[in-house]
Protein chains: 2
Amino acid sequence: MRRARYSCGVENEVGHEIAEALGILLRRTTRAQLHKRLTEGMGEAVDEVTYPVLSALARTGPRSAAELAPDAGVDRSGVTRRASRLEAAGLIRREADPTDRRAHLLVLTEEGEAAVTELRARLAAHIMRSLSSWPPGEAESFARQLRRFTAEGPFA
Amino acid sequence: MRRARYSCGVENEVGHEIAEALGILLRRTTRAQLHKRLTEGMGEAVDEVTYPVLSALARTGPRSAAELAPDAGVDRSGVTRRASRLEAAGLIRREADPTDRRAHLLVLTEEGEAAVTELRARLAAHIMRSLSSWPPGEAESFARQLRRFTAEGPFA
DNA sequence: GGTAGTGCGTGCGCCGCGCACGCATCTCCT
DNA sequence: AGGAGATGCGTGCGCGGCGCACGCACTACC
């Protein structure tokens with residue numbers, strides 16, 4: 001396969017390899033599996049359904065439900081409903097946008113920030129546990145390439 | 001952060017970096033998004049719901065619904081239902097297990113194999129399109145590390 | 001100032017999912 | 001050999017999330 005090169009300088013086989021690995025990875029990291037385990041014992045409001053909203057909000061900062069929807073991968077109404085659950089649990093609150101009294105900005109409360117910190121630590125620890133056996137330096141380069149892949153890759 | 005090392009020899013920051021990148025990646029590669037676009041125009045039976053079953057079956061070879069269930073990430077009954085749809089479309093068929101007359105082995109038909117080939121090519125091409133700008137060799141090493149990460153990683 | 005446009009929350013119908021049941025078949029023990 | 005428990009499969013059922021579309025509040029523009 002060394003000869004089957006393309007103009008881009010990358011072999012086609014690599015695309016299939018990455019596709020297969022991604023397929024495996026994605027199957028293991030569904031909400032029903034990863035997010036469910038990750039949010040165990042985090043209270044009633046934080047589960048595999050509300051987690052994406054909470055996480056997206058933490059990443060982007062205070063935003064409206066409509067802005068959060070494409071980032072969370074669900075319909076705007078879904079964000080509203082999940083936000084209501086999180087609001088009832090005191091993890092986020094709805095703030096009136098001072099410039100537009102129609103808009104309700106979703107913003108994390110103190111408890112919400114703490115929950116996100118905890119969840120991030122859990123996930124990072126979970127990943128680190130298996131990266132510990134990697135040769136030094138490889139994990140760093142993998143993280144760098146993964147970051148690049150998500151930033152300018154096909155799923156940007 | 002150069003000083004905050006752990007016994008494993010990998011910095012904790014890397015765990016957070018990978019976690020964040022994975023989070024972004026996973027949000028972009030939901031069934032509702034990636035698999036939906038991927039299966040567009042592949043006929044009525046092949047959609048984002050039946051795709052995981054079709055893909056898993058292609059990877060593992062002829063298996064029963066119960067064996068396929070954990071690999072597809074859904075309940076056994078879900079596999080049965082999706083398999084029925086794929087069977088009606090002629091992409092798979094149920095074969096009686098010669099050693100156990102209770103068991104129905106799911107096996108891809110000629111058309112099913114063709115569909116999987118097409119889907120794999122689509123995904124690989126989609127990935128390759130953005131990998132083309134990478135320096136030569138980096139895509140290969142990324143694929144290798146990704147493979148390792150899925151094989152012996154936290155989601156194995 | 002009035003009309004079209006925008007943002008939000010919610011009711012409704014649909015669909016996938018997990019649980020549990022029934023039937024067919026296998027296994028093992030006596 | 002034969003019966004009892006175990007196993008595999010398909011299916012009915014209730015639950016819950018999702019997308020669509022509507023109504024209401026407010027804004028922007030003419």
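Residue numbering restarts at 1 for every chain, and letters A, B, ... go by the order of the sequence lines.
Looking at B:R93 and B:V107, their side chains come closer than 4.5 Å, going by heavy atoms from C-beta outward.
One finds no side-chain N or O of A:R101 lying less than 4.0 angstrom from the OP1 or OP2 phosphate oxygen of D:dA28. When the side-chain nitrogen and oxygen atoms of A:T80 are compared with OP1 and OP2 of C:dC8, none of them lie within a distance under 4.0 Å. Residue B:R94 has a polar side-chain atom (N or O) positioned under 4.0 Å from OP1 or OP2 of D:dG10.
Contact check on B:R148 versus A:E138 returns a salt bridge, with a Lys/Arg side-chain nitrogen under 4.0 Å from an Asp/Glu carboxylate oxygen. With salt bridges taken as basic N to acidic carboxylate O contacts below 4.0 Å, none links A:R102 and A:D97.
Between C:dG16, C:dA20, D:dC20, one nucleotide has an atom nearer to the side chain of B:R76 than all others, and that is C:dA20. Listed nucleotides D:dC9, C:dC8, C:dC12 differ in distance to B:S64; the shortest reach to its side chain belongs to D:dC9. When each of C:dG7, D:dG10, D:dG8 is scored by its nearest atom to the side-chain atoms of B:A65, the top-ranked nucleotide is D:dG10.
Judged by distance alone, with hydrogens and angles left aside, B:R81 brings a side-chain donor or acceptor within reach of the base of C:dG18, the pair sitting under 3.5 Å. Residue side chain B:R31 does not reach the base of C:dG16 through any donor-acceptor N/O pair under 3.5 Å, judged by distance alone. With hydrogens and angles ignored, no donor-acceptor pair under 3.5 angstrom links the side chain of B:R63 to the base of D:dG8.
Nucleotides of DNA chain C nearest to A:D75 and A:D100 differ in position, and the one nearer the 5' end is that of A:D100. When each of A:S77 and A:T99 is assigned the nucleotide of DNA chain D bearing its nearest heavy atom, the one mapping closer to the 5' terminus is A:S77.
Residue A:H104 contributes atom NE2, which lies 19 Å from atom P of C:dT6 at whole-angstrom precision. A:L68 places its CG atom 15 Å from the C1' atom of C:dG7, with the value rounded to the nearest Å. In this structure, CD of A:E67 is placed 13 Å from C1' of C:dT6, rounded to the nearest angstrom. If you take CZ of B:R85 and P of D:dG10, they are 15 Å apart, rounded to a whole angstrom. Atom CD in A:E48 sits roughly 19 Å away from atom P in C:dG16 (whole-Å rounding). What separates CG of B:L105 from P of C:dT25 is a distance of 17 Å, to the nearest Å. Atom NE2 of B:H35 is separated from atom C1' of C:dG16 by 16 Å (rounded to the nearest Å). The nearest whole Å value for the distance from the CZ atom in A:R102 to the P atom in D:dA25 is 14 Å.
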Show your working on side chain to side chain donor-acceptor pair (under 3.5 Å) between B:Q145 and A:S141 and close with a plain yes or no. CA-CA 9 Å; B:Q145 285 174 337; A:S141 75; 3.1 Å; yes

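Under the 3.5 Å distance criterion, with hydrogens and angles disregarded, a donor-acceptor pair is assigned to the side chains of A:S84 and A:R94.
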